[in-house]
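Report on the structure given below.
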Amino acid sequence: MIADRFPWLTAIVLLPLVAAMLIPFLPDKDGKRVRWYALGVAVADFALMCFVFWNHYNPSSAAFQLVEQYAWVPQLGINWSVSVDGVSAPLVLLAGLVTTLSIFAAWQVDLKPRLFYFLMLVLYSAQIGVFVAQDVMLLFIMWEVELIPVYLLVSIWGGQKRQYAAMKFLIYTAAASIFILVAGLGMAFTGDHFTFDMVELGLKDYPLGLELLLYAGLLIAFGVKLAVFPLHTWLPDAHGEASSPVSMVLAGVLLKMGGYGLIRLNLGLLSDAHVYFAPILAILGVINIVYGALNSFAQTNMKRRLAYSSVSHMGFVLLGIASFTDLGINGAMLQMISHGLIASLLFFLAGVTYDRTHTMAMKEMGGIAQAMPTVFALFTMGVMASLALPGMSGFVGELSVFVGITTSDIYSSTFRTVTVLLAAVGVILTPVYLLSMLRQVFYNSGEIPTCDIAPNCDLTDVDLKNQGNQAPVCFGTNCSLPIDSEFTDARPREVFIAACFLVLIIGLGIYPNMGMQMYDVKTVAVNTQVRQSYIQIAEANPQIYAKRFLIPKVAQSDVVPVVKIAEGTSR
């Protein structure tokens, strides 16, 4: 059939890019037509993803699917090679949803709208390209293309320190991405056959010393994107200065590229080295959880508090990846999907609040719940999801990671106990700083109003109403909003965007298998390969780790012939 031979993934990747190239030729003066055009393209591409995965993706297979290969630069061995499997398919859908809704959230952009929507569509294309690339060099190219739109979106449409934040983001991520190039070349030149294809790279036998160096380099590259301590400092600055639609993409999609890279390359191709690095990942995960939570307390800027919250939540991804258990890696995947939805929702609502108050300082917002009840309700649900309230996706993701690391038969009981207890500290701190933010933003901040017009901030005061605001209120230390603000509750467009996220957050919380069934078979295959590597290494050198960290043996029932693992990940 023609449908089976059609290059679906290529169409999904290139549709936003080709459509972006047409934006300069659109007849449009005020930006209204271009925003409808960009939204239409984004919706069409997301609908195409849903159609293709529903009809042509088989979640019961661990192999690469929808494989498309075309010679691109044959002299350098670079091919346009794209495919999906259980690790990439859910993240492609996440990227499509978040980017589409972020374009809809940017409905009021009036500064250079053509350039803004052009960059958003290019970013859309690059993100999908990263997740579907089966060629390491193609992944690197897409990774680099994604940096340029983000840099420009932050530096042009950001806050007062946007140039500093954008340059810091570019330096960190561009410098780190060099390690992807070096590691890709190192793997390609190893052995008798030169190739960048991930399936063939996974079948190569790398010297242990080289494999450890390759793993370390990729850990740095993906660790920067995942905001792993101490490579995380670009994230609060970027979030603090970026506009909310851009922050939605940063938190919802870009952070997930780091976790995806670790599973795809570090675990999938360098499983022997992962055995040596796994305890380090677990320790870094705990540091992220506690450090991010503690730093959130010190933030008075709403978006910076949410940014450090993201740093904390990404620690659970590292813990799951380091767990050596099927449930732990499943939890890491679910945590990435869940956090992508929750963080996008919270940053969107932070932008809605900023549109009314013209400030991100939480002490200047207190008391606005009375005038914004719908925003308050939506924000409360987002906060409850982020603090892992049962019945929402955040709870299932974090619980899976906890159970996965707790039941791991690779780590000693001492290591598991200390790791879980420290991670639990972060879980306890999360509701404290999030509920504190909710109180400061929507309830009385505790500050004494200093307005000379109406010291008691009477909402019925005639003098306040005569200032031209639709609904003058007291927030922070002021008794009225800026004269040019429209202080209204959530509009239908804003309610729709928030509802799209909440439906999925609650749906995954009630029925997590809705997401897990897309990747469960693949993550089990990856974990089987990693555990097999551990068995072989432990048999040759039982004292590879201190006894406090790892148990030198695993159950013989877990031993799976290497040839079967290779067959499970082949095309």
Side-chain angles (χ1 to χ4, degrees), residues 1-19 40-72 79-101 121 124-136 138-139 142 196-200 202 253 256-257 260-261 263-264 268 330 333-334 336-337 340-341 500 503-504 507-508 511-526 566-571:
M1 295 178 62
I2 297 178
D4 295 330
R5 298 192 300 269
F6 188 81
W8 293 112
L9 293 181
T10 299
I12 291 172
V13 174
L14 296 183
L15 175 59
L17 181 62
V18 174
V41 172
V43 170
D45 205 42
F46 181 64
L48 182 60
M49 295 174 196
C50 296
F51 169 80
V52 172
F53 291 157
W54 181 266
N55 291 280
H56 302 284
Y57 173 73
N58 179 14
S60 63
S61 173
F64 286 106
Q65 303 177 48
L66 297 169
V67 178
E68 302 167 18
Q69 288 187 334
Y70 309 98
W72 189 11
N79 299 315
W80 177 269
S81 180
V82 293
S83 62
V84 292
D85 62 358
V87 178
S88 56
L91 296 178
V92 169
L93 291 173
L94 176 68
L97 176 67
V98 171
T99 311
T100 298
L101 292 178
L121 289 179
Y124 196 153
S125 183
Q127 291 171 153
I128 305 302
V130 168
F131 292 131
V132 303
Q134 188 179 313
D135 185 283
V136 174
L138 178 61
L139 183 147
M142 291 295 179
F196 290 113
D197 185 87
M198 293 183 187
V199 172
E200 296 182 19
V253 183
K256 312 309 172 288
M257 290 182 182
Y260 168 78
I263 297 175
R264 170 68 73 215
N330 268 337
M333 282 293 300
L334 187 58
M336 287 195 287
I337 298 169
L341 298 171
C500 289
V503 166
L504 290 173
L508 286 172
Y511 185 62
N513 194 47
M514 178 174 64
M516 286 185 171
Q517 64 183 355
M518 290 193 69
Y519 57 79
D520 180 67
V521 174
K522 179 63 178 184
T523 52
V524 168
V526 171
E567 290 174 356
T569 57
S570 68
R571 277 171 277 184

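What you see is a predicted model, and the numbers here were worked out from it, not measured in a lab. The chain is numbered in sequence order, starting from 1. All heavy atoms count here, side chains included; hydrogens, waters and symmetry mates do not.
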* Would you say the side chain of Phe131 lies within less than 4.5 Å of the side chain of Val84, judging by non-hydrogen atoms? -> no
* Asked: Counting N and O atoms only, with roles assigned by atom type, does the side chain of Tyr57 sit under 3.5 Å from a partner on the main chain of Met518, one being a donor and the other an acceptor?
  -> yes
* Could you list the residues that satisfy side-chain hydrogen bond (donor to acceptor under 3.5 Å, both in side chains) with Tyr519, not counting sequence neighbours? => none
* Structure fact -> Distance col, row Leu14:CG vs Trp80:CH2, nearest 0.5 angstrom, shows 4.5 Å
* **Spacing of Thr10 atom OG1 and Leu15 atom CG [to the nearest 0.5 Å]** => 12.0 Å
* Asked: When you measure from the side chain of Gln134 to the backbone N and O of Met198, does any donor-acceptor pair fall under 3.5 Å?
  -> no
* **pair Ser125-Val13: side-chain heavy atoms closer than 4.5 Å** => yes
* **Distance-only polar pair, side chains of Gln65 and Asp85, donor-acceptor under 3.5 Å** => no
* Structure fact -> CZ (Phe53) and CG (Leu9) are apart, to the nearest 0.5 Å, by 6.0 Å
* To do: Evaluate the side-chain proximity of Leu138 to Asn79: yes if any heavy-atom separation is below 4.5 Å, no if none is.
  => no
* **Residues Asp135, Trp72; criterion side-chain contact (heavy atoms from CB on, under 4.5 Å); working and verdict** => CA-CA 11 Å; Asp135 185 283; Trp72 189 11; over 6 Å; no
N/O donor to acceptor pairs below 3.5 angstrom from side-chain atoms of residues 89-99, sequence neighbours left out:
from, atom 1, to, atom 2, distance (Å)
Thr99, OG1, Ala95, O, 2.7
Thr99, OG1, Gln127, NE2, 2.9

* Asked: Arg264 and Lys522: which non-hydrogen atoms are nearest, and at how many Å?
  -> NH1-CE, 4.1 Å
* Closest heavy-atom contact between Ile128 and Met49? -> CD1-CE, 3.6 Å
* Nearest 0.5 Å, what's the CD1-OG1 distance between Ile263 and Thr523? -> 8.0 Å
* Please name the pair of heavy atoms, one in Ala11 and one in Leu48, separated by the smallest distance, quoted to 0.1 Å. => CB-CD2, 4.3 Å
* Residues in side chain to side chain contact (heavy atoms under 4.5 Å, CB included) contact with Val43, at least two apart in sequence or another chain -> Leu39, Thr100
* Asked: Would you say the side-chain atoms of Asn55 pair up with the backbone N or O of Phe51, donor to acceptor, closer than 3.5 Å?
  -> yes
* At their closest point, which heavy atom of Asp45 faces which heavy atom of Pro16, and how far apart are they? -> OD2-CG, 3.3 Å
* For side-chain contact (heavy atoms from CB on, under 4.5 Å), just list the numbers for Ile337 and Leu504, CA-CA rounded to whole Å, side-chain angles, deciding distance to a tenth of an Å, and then say yes or no. => CA-CA 10 Å; Ile337 298 169; Leu504 290 173; over 6 Å; no
